[in-house]
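Below is one structure, written out as structure tokens; comments come after it.
In listed order, ligands and their atoms are each counted from 1. The analysis underlying the following values was restricted to heavy atoms, covering all of them including side chains, and did not include hydrogens, waters or symmetry mates. Computed from a predicted model, the values in this text were never measured in an experiment.
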Amino acid sequence: MAQDTQLAGKTAFVAGGSSGINLGIAKRFAAAGANVVLISRSQEKIEAAAKEVSTFGKPAIGIAADVRDYAAVEAALKRTFDEFGPIDIVLSGAAGNFVAPALGMSANGFKTVVDIDLIGTFNVLRASFEFLRKPGASLISITAGQATRASMFQAHVCAAKAGINMLTQCLALEWGPAGVRVNAISPGPIADTEGMARLASTPEAEARVKSRVPLRRYGTKDEIADAALFLSSDAARYINGAILPVDGGSGCGDGAGDALLGLGA
Ligand code: HXC
Ligand code: NAP
């Protein structure tokens with residue numbers, strides 16, 4: 001197969017890149033020829049991830065930085081810029097989740113998830129602006145269906161991801177004139193991820209989730225990476241402010257209509 005050179009000469013910064021969906025995206029960026037810099041909280045995990053990403057392309061760099069710490073994020077972005085020049089792609093995907101009813105959640109529990117997901121996304125995207133290639137940069141945040149559909153035991157995640165959707169579109173408005181596109185990917189349930197291990201931890205729960213996906217299966221990390229590569233490519237040059245569902249159609253129905261008719265799971 002011919003080598004993928006879609007992102008040759010470009011630089012990608014991936015926040016929350018030590019595992020799961022975001023690591024899958026980082027590998028795809030590297031395989032398409034980009035220089036890749038990854039951040040996450042754990043020095044050990046991010047160095048291991050960078051090593052893994054390096055096997056797909058050029059040597060990648062892993063930096064320990066918490067997205068809740070603006071100065072640390074800014075320093076990582078500056079290091080990326082100093083090493084490779086203007087940044088072409090920023091992926092903001094760091095997140096935290098646990099399953100708990102609102103009454104089983106302290107104020108700090110709620111705040112922790114909002115801080116990582118929403119404030120973290122603001123920090124990453126805001127701090128990146130001065131280091132971006134302008135015009136031309138592509139910024140992608142990672143949201144979820146919970147942003148637009150209320151979900152039991154996910155008040156913190158629903159609130160945080162709803163904020164990410166609106167933040168993404170506000171930045172698309174403000175930064176479009178500088179030639180910076182800002183979009184979001186909204187993954188459905190993705191196989192072999194920490195997210196689904198937390199949300200559907202038994203085979204029964206997994207089967208229930210799949211039965212609610214029109215395509216009747218989990219998505220794969222590769223399928224999310226495909227979407228991220230597309231949004232970062234020239235083929236998406238007029239796409240700005242989009243919240244792109246990659247969810248097998250999970251977001252199409254509200255479930256209530258099916259329940260009224262006695263259909264569905
Ligand atoms: C209630 C909980 C809790 C739980 C933690 N807390 N777990 N409350 N039920 N199960 C509370 C703690 O008691 C504490 O409040 C507060 O949250 C902060 O906890 P810490 O452990 O100090 O936080 P921190 O070390 O910053 O860790 C953050 C974390 C953790 C989110 C709690 O789980 C984490 O590091 N997660 C990262 C990995 C992850 O979650 N990946 C999945 C992303 S998937 P008090 O009041 O006691 O101080 C995803 C899916 C979206 O986002 C949608 C999928 C369809
Ligand atoms: P994951 O493997 O746990 O990925 C989360 C990443 O964020 C990890 O690399 C983690 O690394 C990092 N991180 C967490 N807190 C951080 C912080 N404060 N600062 C910096 N990095 C931090 O989870 P995943 O399931 O692949 O989810 C990835 C993204 O997809 C998330 O945005 C999630 O909301 C979204 N999503 C997932 C699904 C799904 O089915 N899994 C569905 C919809 C949306 P460290 O622990 O090293 O910090």
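- Under the 4.0 angstrom criterion for non-hydrogen atoms, Ile46 is not in contact with ligand 2.
- With a 4.0 Å heavy-atom cut-off, ligand 2 is reached by the backbone of Arg41 and by its side chain too.
- Close contacts between ligand 2 and Met196 involve ligand atoms 40 (O), 41 (N) [criterion: under 4.0 Å to a heavy atom].
- Classification of Arg217 and Glu223 as a salt-bridged pair holds, one side-chain N sitting under 4.0 Å from a carboxylate O.
- Using a 4.0 Å cut-off to heavy atoms of Gly195, the atoms of ligand 2 that qualify are 25 (O), 41 (N).
- In this structure, the protein non-hydrogen atom closest to atom 28 (C) of ligand 2 is Asn22 ND2, 3.7 Å.
- Scanning Ser18, Ala94, Ala147 for the heavy atom closest to atom 11 (O) of ligand 2 points to Ser18.
- Nearest to atom 43 (C) of ligand 2 among the protein's heavy atoms is Pro187 O, 3.3 Å.
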Practice prompt. Show your reasoning for whether side chain to side chain contact (heavy atoms under 4.5 Å, CB included) applies to Leu229 and Gln6.
Written response: CA-CA 9 Å; Leu229 182 60; Gln6 279 188 75; 3.5 Å; yes
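- A salt bridge between Lys221 and Asp192 is absent, with no side-chain N of the basic residue lying under 4.0 Å from a carboxylate O of the acidic one.
- Between Ile190 and Tyr218, the shortest heavy-atom contact is C-CD1, 4.3 Å.
- The aromatic rings of Phe110 and His156 lie parallel to each other, their planes meeting at an angle below 30°, with 60° marking the opposite boundary.
- Around atom 14 (C) of ligand 2, the closest heavy atom drawn from Ala95, Pro189, Gly96 belongs to Ala95.
- One finds a salt bridge joining Glu194 and Arg198 here, because a Lys/Arg side-chain nitrogen approaches an Asp/Glu carboxylate oxygen to under 4.0 Å.
- Ion pairing between a basic and an acidic side chain is recognised when a charged N comes within 4.0 Å of a carboxylate O; Asp222 and Arg28 show such pairing.
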Practice prompt. Could you check Ile164 against Lys161 for side chain to side chain contact (heavy atoms under 4.5 Å, CB included), going step by step and ending with a plain yes or no?
Written response: CA-CA 5 Å; Ile164 288 177; Lys161 295 293 194 186; 3.9 Å; yes
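- Looking only at side-chain heavy atoms (C-beta outward), Ser232 and Ile140 come within less than 4.5 Å of each other.
- The protein heavy-atom contact nearest to atom 6 (C) of ligand 2 is Gly16 O, 3.4 Å.
- Closest protein heavy atom to atom 41 (N) of ligand 2: Thr193 OG1, 2.8 Å.
- The shortest N or O to N or O distance between Ala144 and ligand 2 is not under 3.5 Å.
- When the options Val182, Asn240, Asn183 are evaluated for a side chain to side chain contact (heavy atoms under 4.5 Å, CB included) with Leu171, the one that passes is Val182.
- Under a 4.0 angstrom heavy-atom cut-off, Ala64 registers as lying outside contact with ligand 2.
- On a distance-only criterion, Ser40 and ligand 2 share at least one N/O pair closer than 3.5 Å.
- Residue-ligand proximity: Lys161 is placed with a non-hydrogen atom under 4.0 Å from ligand 2.
- In this structure, Gly120 falls outside the shell of residues with a heavy atom less than 4.0 angstrom from ligand 2.
- Taking atom 26 (O) of ligand 2 as the reference point, the nearest protein heavy-atom neighbour is Ile21 N, 2.9 Å.
- The shortest separation from a heavy atom of Thr143 to ligand 2 is under 4.0 Å, placing the residue in contact.
- Under the 4.0 Å criterion applied to side-chain N and carboxylate O atoms, Glu206 and Lys210 are assigned as salt-bridge partners.
- Residues Phe84 and Lys10 form no side-chain contact, since every pair of their non-hydrogen atoms from C-beta on lies 4.5 Å or further apart.
- By the 4.0 Å N-to-carboxylate-O rule, Arg133 lies close enough to Asp88 to be salt-bridged with it.
- Considering only non-hydrogen atoms, atom 20 (C) of ligand 2 lies nearest to Ala65 out of Ala65, Gly93, Ala26.
- Surrounding NZ of Lys58 are more than 12 heavy atoms belonging to other residues, nucleotides or ligands, all under 6.0 Å away.
- Residue pairs meeting the salt bridge (Lys or Arg N to Asp or Glu O under 4.0 Å) criterion with at least one member in residues 36-46: none, sequence neighbours excluded.
- At the top of the distance list for atom 35 (C) of ligand 2, counting protein heavy atoms only, stands Ile142 CG2, 3.5 Å.
- At the top of the distance list for atom 40 (O) of ligand 2, counting protein heavy atoms only, stands Ile190 N, 2.9 Å.
- By the 4.0 Å N-to-carboxylate-O rule, Arg79 lies too far from Asp82 to be salt-bridged with it.
- In this structure, the protein non-hydrogen atom closest to atom 23 (O) of ligand 2 is Glu194 CB, 4.0 Å.
- Of all atoms in ligand 2, numbered sequentially from 1 with element shown, those under 4.0 Å from a heavy atom of Ser42 are 47 (O).
- How far CG of Asp247 is from SG of Cys252: 7.0 Å, rounded to the nearest 0.5 Å.
- The residues lining ligand 1, counting any heavy atom closer than 4.0 Å, are Arg41, Arg68, Ala95, Gly96, Asn97, Phe98, Ala100, Gly104, Ser106, Asn108, Gly109, Thr112, Ile116, Ala144, Gln146, Glu194, Gly195, Arg198, Leu199.
- Residue Asp66 approaches ligand 2 through these ligand atoms, each under 4.0 Å from one of its heavy atoms: 17 (C), 18 (N), 19 (N).
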